[in-house]
Amino acid sequence: MGTFPWKHNYCIICLESKELSSEHIIPKSLGGVLTCRCVCENCNNHMGHQFENEAKNSDPVRIAISNLAEALPNLYESINRNSEYSTTIDGQDFSQIYRNSGIFSAKRLNDGSLLVDEAETKNILTQHLKKDGLSKAEIAKALDLVSNAPFEHIVDISNQYSIKKRQNIHSTPKLTGKPLPKNLILKIVYEFACARFGERVIEASPQFNLIRTFLLGGKDQFCSSNIKQFDGLVSLPFHGIAFEGNTPFATFQIRLFGSIAYKVFIPNLEILTVKTVYTHNLLDNSEHIISD
């Protein structure tokens with residue numbers, strides 16, 4: 001699968017006839033692979049900069065991908081790189097930046113000590129000891145003391161520096177209360193409807209005009225009561241989009257990482273077609289679409 005066809009030469013967002021680019025219906029930054037060549041480059045870039053990147057830093061995404069870190073290590077790294085984590089040590093809470101591969105930025109603590117990730121300890125200590133004029137042999141001896149130091153004990157490694165190897169440091173994603181952006185939810189629904197059901201959907205509902213205006217950076221006039229969040233229970237390695245039929249109006253469901261779950265109702269729109277379910281297995285990138 002991978003790509004839905006779009007047989008027309010105009011952008012489904014701005015409705016202008018332009019050269020079209022490949023658009024990820026579920027953002028690539030969240031692991032999405034389903035595309036449709038139906039959006040012009042300007043609209044594609046605008047949505048990416050305005051709210052698709054923002055979705056990576058939303059609380060629901062950060063919680064879900066943390067729960068799936070072992071199952072989806074590469075996507076976990078991509079989403080969390082350069083994001084803030086909350087760390088607690090000796091009753092002191094502070095923020096650190098996640099770099100990659102489990103490595104966090106160094107942090108100066110209240111007592112003046114420097115908390116350094118174990119993977120970077122050797123390089124940072126070597127730099128400081130060189131500045132203090134220690135010889136290669138003295139630096140090697142100091143680093144050996146660090147390697148053999150017991151946990152939670154202060155060990156002097158030079159006249160200037162002492163170290164304490166810590167264990168059981170607990171770091172969690174720093175949550176800020178950011179929800180998944182509303183415009184991202186509407187973008188997924190609108191693009192899926194256009195890509196799956198064609199241009200008749202664009203012409204069928206004034207509500208889609210409101211969605212397009214919002215996606216282009218205009219006023220949000222789509223009633224939030226038509227977007228219902230529900231509990232997806234547990235984080236699972238899949239994304240899904242479904243057209244659930246008309247109840248009585250067109251109803252869509254979105255699932256991101258299993259647990260991020262929304263239903264979206266499009267007032268005064270009926271799509272006279274069968275129910276459709278798209279799923280994307282994030283473990284093996286397999287995609288399935290079922291029509292009933």
Between Glu84 and Arg62, is there a side-chain N and carboxylate O pair less than 4.0 Å apart?
no
Is it the case that the side chain of Ser21 and the backbone of Val39 share a donor-acceptor pair, with hydrogens and angles ignored and the cut-off at 3.5 Å?
yes
Quick test of your reading of the model: are Glu138 and Lys130 salt-bridged, counting only N-O distances below 4.0 Å?
no
Counting only heavy atoms from other residues, nucleotides and ligands, does the tally under 6.0 Å from CG of Asn159 exceed 12?
no
Can you tell which of Phe265, Tyr190, Phe243 makes a ring-ring contact (aromatic ring centres under 6.0 Å, His included) with Phe252?
Phe243
Check whether the ring centres of Phe257 and His239 lie less than 6.0 Å apart, and answer yes or no.
yes
If you measure from the Lys or Arg side-chain nitrogens to the Asp or Glu carboxylate oxygens, is any gap between Arg166 and Glu152 under 4.0 Å?
yes
Electrostatic pair Lys18-Glu41, nearest N-O below 4.0 angstrom
no
Under 6.0 Å between ring centres, would you say that holds for Phe238 and His280?
no
Heavy-atom check, side chain of Pro267 versus side chain of Gln207, under 4.5 Å:
yes
Does the salt bridge (Lys or Arg N to Asp or Glu O under 4.0 Å) test come out yes or no for Lys263 and Glu244, once each step is laid out?
CA-CA 9 Å; Lys263 285 195 177 185; Glu244 297 186 336; 3.3 Å; yes
Within a strict 4.5 Å, meaning less than it, do heavy atoms of the Glu191 and Ile12 side chains meet?
yes
Is the backbone of Gln96 close enough, under 3.5 Å, to the side chain of Lys174 for a donor and an acceptor to pair up by distance?
no
Measuring from Cys11:SG to Leu216:CG, what's the distance to the nearest 0.5 Å?
7.5 Å
Taking side chain as C-beta onward, heavy atoms only, is Asn281 less than 4.5 Å from Asp284?
yes
Just wondering, do Leu34 and Ile26 contact through their side chains at under 4.5 Å, heavy atoms?
no
With side chains defined as the heavy atoms from C-beta onward, is the minimum distance between Tyr161 and Asp132 less than 4.5 Å?
yes
Under 30°, 30 to 60°, or over 60°: which ring-plane class applies to Tyr76 and Tyr98, parallel, tilted or perpendicular?
perpendicular
For Ser58 and Glu54, indicate whether the former's side chain and the latter's backbone hold a donor-acceptor pair under 3.5 Å.
no
Flag yes if more than 12 heavy atoms outside Glu118 fall under 6.0 Å of its CD atom; otherwise flag no.
no
Approximate separation, where rounding is to 0.5 Å, of Lys107 NZ and Asn110 CG:
9.0 Å
Taking Leu175's backbone N and O only, do any of them form a donor-acceptor pair with Asp59's side chain (distance below 3.5 Å, no angle check)?
no
Output yes when a side-chain donor or acceptor of His46 lies under 3.5 Å from a complementary backbone atom of Leu215, and no otherwise.
yes
Answer whether the closest heavy-atom distance between the side chains of Ile63 and Ser66 falls below 4.5 Å.
no
With heavy-atom distances below 4.5 Å as the criterion, would you say the side chains of Arg212 and Leu15 are in contact?
yes
Report, as yes or no, whether the 6.0 Å neighbourhood of atom CD on Glu19 holds more than 12 heavy atoms from other residues, nucleotides or ligands.
no
With a 3.5 Å distance limit and no angle check, can you tell me whether Asn246 reaches the backbone of Ile271 through a side-chain donor-acceptor pair?
yes
Is there a donor-acceptor pair closer than 3.5 Å between any side-chain N or O of Ser83 and the backbone N or O of Asn80?
yes
Is the number of heavy atoms from other residues, nucleotides or ligands within 6.0 Å of NZ (Lys164) greater than 12?
yes
With a 4.0 Å cut-off, would you call Glu52 and Lys28 a salt bridge?
no
Does the Asn100 side chain pair with the main chain of Arg81, one donor and one acceptor, at a distance under 3.5 Å?
no
Has Thr126 got a side-chain atom pairing as donor or acceptor with Lys122's backbone, closer than 3.5 angstrom?
yes
Under 4.5 Å between any side-chain heavy atoms of Ile97 and Phe104, yes or no?
no
Show, in sequence, the C-alpha distance, side-chain angles and deciding distance for Thr35 and Arg37, and conclude whether the side-chain contact (heavy atoms from CB on, under 4.5 Å) test is met.
CA-CA 7 Å; Thr35 62; Arg37 199 171 187 82; over 6 Å; no
